[in-house]
Amino acid sequence: MYKSSLILIFVRNQKLQNLSHYRLGLEFAKELDQKDSLSHHRDSFHIPKDKNGNEVIYLCGNSLGLQPKTTKEYIEQELEDWANLGVEGHTEGRKPWLHYHEFLTQNMANIVGAKPIEVIVMNTLTANLHFMMVSFYKPTKKRYKILIEGDAFPSDKFAVESQLRHHGFDDKEGLVLWNSRKGEELARYDDLEAILEAQGDEIALVMIGGVNYYTGQYFDLKRIAKLGHKHGCMVGFDCAHGAGNVELNLHDSGADFAVWCTYKYMNSGPGSLSGCFVHERHSNNKELNRFTGWWSHNKETRFNMRDEFDQLEGAEGWQLSNPPILSMAAIRASTDLFSEVGIKELVKKSKLLTGYFEFLINKLNNNDIKIITPSNPEERGCQLSIQVKNADKVLHNKLTEAGVISDWREPDVIRCAPTPFYNSFEDVYRMVEKLKAILN
Ligand SMILES: *Cc1c(COP(=O)(O)O)cnc(C)c1O
């Protein structure tokens, strides 16, 4: 496996030389920061500090994004309205709670590339995945399997397995894995095509992590949706690692549904609510199964408290409950920041920042580490997954001691995500300097 990495590094460097504006040295990192028109946004976030009061190098926005400094105000506003208005806050608050989720919709739709009618913030991620499967996993005797990627996030795997069991199917037999080939890390579309050719008419649902949490591979959503649909499958994506990180263009992808969380790249706080996308073509489809509650009911007549159910159109129609406003306030703070900058600008910087990170790591020329994330910037977001030889976790622990916050994922990967919102080129430079010192 590690022999082939030499060839990989060679190919990568050639590519970078073509692009390559990158140079070694701290001066160059500083120059990039100076030229970066988004660099001042770092000040919009609280950067955690180490014991000595120095800012850590935070490369963990793929796990828990940092707190915007404005979040507190947004939450305090709702606490004040609750204190001053009590129940009246639902209609008389500065941002009336009855409509609160609507204040998030447009910005969220822009971030994930969807129409407002296709987007709703509600529940938590795995819960939404289940609710989407209630509607979009409708197995029959002949077509009941679910296809996921081989190294899917465990929660997603557990969720689809339990759906199989819930419908009376065997969760081993009914689960189809899109694995990478032996000795490779990344999944290949050829293999997906082959699986669908062979078993497509037995697969009810294709459910893929839009950006794989482990390798950082950003899949071609449109291609996968097209392929799945060609074989008569429903297609959904878990975009937990995509939202706020890459341009998802969910509407254009043609996917039936997508879900994501807001506590990773969306910087909305631990355990924060999830986003959910349902393609416009399902907006008024009353034939779909769904679990409903009073919040799925027509807004105009919701409070008439009548017996008769009247389905609300669009993604909103999948809501069950009146939502937690305090968590939504944090999401509003964050999505307001996103709307100031725009996902396009963030992605532009992100490509430069991660490209620089990759350049520096490759320049280390060290055979104990290998980047397994795709080298093509179109096939990844900001995360680089660094595979460590002999699964030596000591390297990660030493990085942590040196003030670099990244994460270790079993069996052998350190994930580092320089996020364009608050990470600087100097962060990346200093991280690689520390890595170099530890490796030597
Ligand atoms: C982060 C993440 C989760 C976590 O799910 P929760 O329901 O928010 O705890 C699930 N799936 C994927 C792909 C993730 O990246």
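Keep in mind the model is a prediction, meaning the values are calculated, not measured. When a ligand or atom number is given, it counts from 1 through the structure's own listing order.
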Set of residues satisfying side chain to side chain donor-acceptor pair (under 3.5 Å) with respect to Y144, sequence neighbours excluded:
E173

Check each N or O atom of ligand 1 against all protein N or O atoms and list the pairs under 3.5 Å, with atom names and distances to 0.1 Å, one per line.
residue  : atom   : partner : partner atom : Å
ligand 1 : 5 (O)  : T126    : OG1          : 3.3
ligand 1 : 7 (O)  : T126    : N            : 2.9
ligand 1 : 7 (O)  : T126    : OG1          : 2.6
ligand 1 : 8 (O)  : Y263    : OH           : 2.5
ligand 1 : 11 (N) : D156    : OD1          : 2.7
ligand 1 : 11 (N) : D238    : OD2          : 3.1
ligand 1 : 15 (O) : H241    : NE2          : 3.2
ligand 1 : 15 (O) : K264    : NZ           : 2.4

Can R290 be said to sit on top of F131's aromatic six-ring, NZ or CZ under 6.0 Å from centre and within 45° of the ring axis?
no

Decide whether a cation-pi geometry holds between R302 and W295; the criteria are a distance under 6.0 Å from NZ or CZ to the six-membered ring centre and an angle within 45° of the ring axis.
yes

Salt bridge (charged side-chain N to carboxylate O under 4.0 Å, His left out) filter on K115, not counting sequence neighbours, yields E280

Applying salt bridge (charged side-chain N to carboxylate O under 4.0 Å, His left out) to E401 and not counting sequence neighbours gives none

Is it true that D336 and Y74 share a donor-acceptor pair across their side chains at a distance under 3.5 Å?
yes

